[in-house]
Each structure stands twice: as C-alpha cells, then as structure tokens.
There are 2 protein chains.
Amino acid sequence: MDEHLKALLQKSGLKNTKHRTAILELLEQNDQPVTAEQLYAEMRSKNIPVNLSTVYRTLDILCEKELITKLTIEGGAKALFEFNNNLHRHHLICLGCKKILTIENCPLGDYEQKLAGKTHFSITGHKLDLYGFCPDCRRKNEF
Amino acid sequence: MDEHLKALLQKSGLKNTKHRTAILELLEQNDQPVTAEQLYAEMRSKNIPVNLSTVYRTLDILCEKELITKLTIEGGAKALFEFNNNLHRHHLICLGCKKILTIENCPLGDYEQKLAGKTHFSITGHKLDLYGFCPDCRRKNEF
DNA sequence: TTAATTGCAAACACTTTGCACGCTA
DNA sequence: TAGCGTGCAAAGTGTTTGCAATTAA
C-alpha cells in the first residue's frame, strides 16, 4: 500500500516511517491545504499515535524535499500544507466557511516579464490568492 | 504640524494622541511596509517613549478605521503595516534584501469575473505578491 | 468629569528545539 | 549498529489581554 509514497521518500533520501507515509497520504488525498494540527488530529483518529512536534518536523522536511508545499493565507495565523503535484497553483478562499479552492490556472501571462522590465528586478515567482464567498455561503447568508 | 493626520483621527472618532500621530506619520513617510517592532524602535529613537503593546493596539485600531493596512508576506512571521492611500496595491519583494516595492498596478483585469463565472463564487478581492531580486542584489550576488 | 488610552506584566497561539530513547536501512 | 526519527517537556516568537493609572475631549 502506498508504494509510490514510499518511493517518494526513498528518492528524497528519507527513511520510510509510518508517520511520514501517513502524512503524505493524508495530504495527497485532501483536496484542501490543511494545518499541522489537523493532520495531528486525523492521525490520532486513525490510530496512528504521533506527537505534534513530529508532525511539524515531518512537514518541515517534506517541504525541504519539495514533496509538499507550505503556504499561509492572509490573516491566517497557522501554516497550511498541501501535496506538491508540481503544478503552478493559486487559491480561492471563501471568507464565509474558510474553504480553500485550489486553482490550477494563472492569469498573469507575461506580467512578470513586463514588471521585470519596468523595475529591473529579476522576478522568480508570485503568489496570488483570491477571496470571496462560495456558492453555499452565498445561499445561506445572502452575500 | 500634521494637521491632516489629526483630522484623520478625528474623522474616525479617535482621540488625538502623540503616539497615534507619530505612528501615522511614520507610516505615511515610509515607502515600505514596516513591522510593529520597527515602529516601536523608531518612536523610541525619536524620544517618543511607548510600549510595544500600545503600538500593537494603535495599529489594530488604525486598521479597523482603515487609515492603515495590515499585510503579511509569505513566510514572514511578522505582520507589516502601511499607510492606506486607498489605492489598489500589490507588492514586489526582494528575496535578497527583503525590500518591498509597492506596485500600484494590477494585471488581473477581468480575471475575477471570469473566475466567478467558473466557480460560482462571488469574488470580493485578491492579494498578489511577486518575488525576485532587486537590481542591487542582482549586481552584488550575480543572481 | 469621564470615557478612551496607555503601561506593565502575564497570557496566548503557533512553532521550534534539546535530549534521551527507539527504530529503519 | 549507526544514525535517522520520535516523544516529551521546555523554550521561543510574535501578538493579545486584564487591570490600574493616565490623559484627551
């Protein structure tokens, strides 16, 4: 089970432990970025006892190896993590229920190049988040 | 001196104190977003003794009244604050020296509307930050 | 005068770290 | 079996809060 996750760990030179595969698996399955605390809770509820600091350490090292991605959303105190599928992504965040939609689509086009020309920066990347209200919240609250 | 800042405070129903005008003044003068700690240090060095918690409280209330804006940049632990000139802004952050350029220009065009159509969200706003290396850092480090 | 503002110290939330033990390769 | 991985408890960082004293309106 989860041979591909074990392979990922091995390829990164990381030992294969049940905590690591569990975390990778949860992140891969989840369509939404999750917090360390959420992972911690999910693991405990699946009878994979683990310490919060291990979750943090594991997330750290998985980020370092670029198996997962760390992000934060404006105003959010906690860091979020998602599986790294190597696609350029943005996020659409519902201000009502806080659900996060991942958008694999980028409206920037050649804007980075234009801005580079204007500012003489070399531009290496960008982060775009959009905010609004999801259909459910719009219905419920008449936004 | 700084009659317009006092007027801003008054208009927002806030009492006029030297801490508040000092913070507004520093933010208005600064072309870059700054942290609470930086403001705290600047005030002390200008012989305006103040407590850090007062700085935080003041920043909070000025944000609430929309006289200033709070932001965080990806990976940055500390919150940043800038004077609110009521323009739509983005930020270009130098990964070398951490300097932040404010960009009063938005490449999104009607993307919000398109995305709203696609996702059935009502989209209320967005946040875009760009990353790279400024001319100085490029020169020094051959990025 | 009196309600808003401040200083101080303590609390907070999230995250990181040191160390001893346990387990993978 | 060597060294990476983990649990535990303690520390760290940025920010917030309760309360009594101060100050602007």
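Both backbone and side-chain heavy atoms feed into the values below; hydrogens, waters and symmetry mates do not. Per chain, numbering begins at 1; letters A, B, ... match sequence-line order.
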Note to self: Other residues, nucleotides and ligands only: do more than 12 of their heavy atoms fall within 6.0 Å of CD on A/Gln10?
What the structure shows: no

Margin query: Strictly by ring pair (Phe, Tyr, Trp, His ring centres under 6.0 Å), give each pair with a member in residues 66-103 of chain B just once, sequence neighbours left out.
Written below: B/His88-B/His90, B/His88-B/His126, B/His90-B/His126

Check: Tell me: NZ of B/Lys6 to C1' of D/dA24, nearest whole Å?
Finding: 12 Å

Next item on the list: Would you check if the side chain of A/Glu112 reaches a backbone N or O of A/Thr124 as a donor-acceptor pair within less than 3.5 Å?
Entry: no

Next item on the list: Quick one: list whatever passes side-chain hydrogen bond (donor to acceptor under 3.5 Å, both in side chains) with A/Asn47, sequence neighbours left out.
Entry: none

Item checked: Contact under 4.0 Å: A/Thr54 side-chain N or O vs D/dG5 OP1/OP2 -> no

Notebook entry, point to check: Going 5' to 3' along DNA chain C, which nucleotides are the first and last within contact of chain A (any atom under 4.0 Å from a heavy atom)?
Noted result: C/dC14 to C/dA25

Check: Out of A/Asp31, A/Asp129, A/Ile93, which one pairs with A/Ile100 under the side chain to side chain contact (heavy atoms under 4.5 Å, CB included) rule?
Finding: A/Ile93

Margin query: Please give me the minimum heavy-atom distance between B/Phe121 and B/Ala116, naming the atom from each residue.
Written below: O-CB, 3.4 Å

Next item on the list: Return the value, rounded to whole Å, for the distance between atom OH of A/Tyr40 and atom C1' of D/dT6.
Entry: 13 Å

Item checked: salt_bridge(B/Asp136, B/Arg139) N-O dist < 4.0 Å -> yes

Check: Can you tell me if CD on A/Gln32 sees more than 12 non-hydrogen neighbours from other groups inside 6.0 Å?
Finding: yes

Check: Have A/Asn30 and A/Gln38 got a donor and an acceptor in their side chains that come within less than 3.5 Å?
Finding: no

Notebook entry, point to check: Could you state the CZ-C1' distance from A/Arg44 to D/dT6, rounded to the nearest angstrom?
Noted result: 13 Å

Please tabulate the protein-to-nucleotide N/O contacts below 3.5 Å involving nucleotides 11-16 of chain D, giving atom names and distances.
| residue | atom | partner | partner atom | Å |
| --- | --- | --- | --- | --- |
| D/dT15 | OP1 | B/Ala79 | N | 2.8 |
| D/dT15 | OP2 | B/Tyr56 | OH | 2.2 |
| D/dT15 | O5' | B/Tyr56 | OH | 3.2 |

Margin query: I need the full list of ring pair (Phe, Tyr, Trp, His ring centres under 6.0 Å) pairs touching residues 17-63 of chain B, with sequence neighbours left out, sorted by first then second residue.
Written below: none

Write down the protein N/O and nucleotide N/O pairs, taken from nucleotides 1-3 of chain D, whose separation is under 3.5 Å; answer none if there are no such pairs.
| residue | atom | partner | partner atom | Å |
| --- | --- | --- | --- | --- |
| D/dG3 | N2 | A/Lys15 | NZ | 3.4 |

Note to self: I need the minimum non-hydrogen distance between A/Lys70 and A/Cys63, along with the two atoms involved.
What the structure shows: CB-SG, 3.7 Å

Note to self: Does D/dT6 have OP1 or OP2 under 4.0 Å away from a side-chain N or O of A/His19?
What the structure shows: yes

Check: Over how many whole Å does the gap from A/Arg57 atom CZ to D/dT6 atom C1' extend?
Finding: 7 Å

Notebook entry, point to check: In whole Å, what is the span from the NZ atom of A/Lys18 to the P atom of D/dT6?
Noted result: 8 Å

